[in-house]
Amino acid sequence: MSMTNPIRPLITLAAVLLAIAGLPPAHAQADDEAATWNEAPNVPPIGKLDRVYGNTDARFTLIVWLDPECPYCKVLGAQPEHVVDGSKGRVNLAERLYPLPFHGPNAMLAAATALCVADQAGVTGYYRFLDAWLAKTASNGRGIGPGAGGSTGADDPVAALAAASGARNRDALAGCTASSATAQRLAAEMHSADLAQIQGTPAVALRDNRFGHTIMVAGAVSEDDMNDAIEELAKSDDHPGASPARNQQGLPGGATH
């Protein structure tokens with residue numbers, strides 16, 4: 001069974017909720033030539049609704065906002081997960097969803113489906129689905145085509161990709177993606193981006209959970225950039241008196257909001 005028009009009610013309700021929330025215009029954004037990490041005190045820390053990849057007690061958390069149809073999110077890909085995998089439990093990850101309106105129904109459908117995959121297949125299924133979508137999509141709202149997730153020409157590629165990620169109950173998946181509850185969850189997730197004052201996708205925040213200190217950068221930064229930021233933040237927080245010249249909010253080097 002394929003999903004039948006799951007996105008139309010989702011778009012309608014989400015649009016109303018987002019208008020009420022007053023979200024700012026956002027855009028897809030590339031990595032700067034030299035990544036500049038800004039102080040980001042308004043980034044909400046991970047909570048019970050986040051899908052946390054890695055050690056839940058890690059000292060550092062990467063919080064990433066992405067749009068499944070954003071070409072720069074496709075460039076970012078699974079690099080945050082690779083940082084976590086190489087951190088020996090020191091870093092975890094929460095990827096939050098921010099489907100940009102101009103990327104159309106496919107962005108909203110991918111984001112809603114990711115949430116619903118997580119309901120059936122947990123954290124592992126959520127990241128498997130998003131990684132696969134980003135790898136397979138043509139981006140900029142064009143979505144995924146036949147063959148994704150093992151689908152045939154007559155099959156629904158989104159449902160097939162969800163099944164390959166562990167969400168095999170298609171009836172439940174179709175109902176979930178079209179539900180008002182999912183629209184509200186997605187709107188709340190996008191509102192957290194508003195609170196964090198992100199300007200587009202991807203946006204990568206880094207939080208030191210020991211000290212509650214958070215910094216953020218715009219664009220598809222590299223694994224090396226993320227690892228360097230982790231080390232710099234650790235030095236800044238552990239030995240503030242030994243840090244180089246600091247900006248007015250305490251972080252060496254970066255610009256402030």
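FYI, the numbering just counts along the sequence from 1. Heavy atoms only: backbone and side chains are in, while hydrogens, waters and symmetry mates are out.
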Side chain to side chain, [X] and [Y], heavy atoms closer than 4.5 Å:
X	Y	answer
Phe60	Ser87	no
Thr113	Met108	no
Pro202	Cys70	yes
Leu206	Leu233	yes

Gap between atom [atom2] of [Y] and atom [atom1] of [X] - 0.5 Å precision:
X	Y	atom1	atom2	answer
Tyr98	Leu186	OH	CG	11.0 Å
Arg207	Ile215	CZ	CD1	12.5 Å
Asn227	Glu223	CG	CD	7.0 Å
Ile144	Thr137	CD1	OG1	7.5 Å
Asp50	Thr61	CG	OG1	9.0 Å
Asn55	Lys88	CG	NZ	14.5 Å

Can any side-chain N or O of [X] pair as donor or acceptor with the backbone N or O of [Y] at less than 3.5 Å?
X	Y	result
Arg142	Ala138	yes
Asp155	Pro157	no
Asp225	Val221	no
Asp131	Gly77	no
Ser236	Glu232	no
Asn92	Val52	no
Ser179	Cys176	yes
Lys74	Ser139	no
Glu69	Ala107	no

| task | Identify the residue among Leu173, Leu109, Asn106 that makes a side-chain contact (heavy atoms from CB on, under 4.5 Å) with Val158. | result |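 Exactly one candidate clears the test, Leu109.
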
| task | Give the minimum heavy-atom separation between Arg51 and Tyr127, together with the two atoms involved. | result |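 Residues Arg51 and Tyr127, closest heavy atoms: O-OH, 2.6 Å.
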
| request: For Pro99 and Met190, work out which heavy atoms get closest and say how close. | output: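 That would be O-CE, 3.4 Å.
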
| Same cluster for Ile46 and Phe211 if Ile/Leu/Val/Met/Phe/Trp/Tyr side chains link at under 4.5 Å? |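 Ile46 does not cluster with Phe211.
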
| Hey, any chance Val91 and Val123 share a hydrophobic cluster, counting ILVMFWY side chains that come within less than 4.5 Å of each other, even indirectly? |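 Yes, because Val91 and Val123 connect within a single hydrophobic cluster, where side-chain heavy atoms sit under 4.5 Å apart.
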
| request: Please name all residues satisfying ring-ring contact (aromatic ring centres under 6.0 Å, His included) with Trp133, sequence neighbours left out, ordered by chain then number. | output: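 Listed in chain order: Phe129.
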
| With distance as the sole criterion, is a donor-acceptor pair present between the side chains of Ser222 and Gln79 under 3.5 Å? |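 Judged by distance alone, the side chains do not pair up.
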
| Just checking, any donor-acceptor pair under 3.5 angstrom between side chains of His213 and Asp237? |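 On atom types as modelled, these side chains qualify, holding a pair under 3.5 Å.
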
| message | Does this structure show an ion pair linking Arg59 with Asp238, if we count only N-O contacts that are shorter than 4.0 Å? | response |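 Yes, charged N to carboxylate O under 4.0 Å.
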
| Of all residues at least two apart in sequence or in a different chain, which pass the side-chain contact (heavy atoms from CB on, under 4.5 Å) check with Val64? |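 Partners of Val64 by the side-chain contact (heavy atoms from CB on, under 4.5 Å) criterion, ordered by chain and then number, come out as Leu66, Leu76, Pro80, Leu93, Glu95, Val204.
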
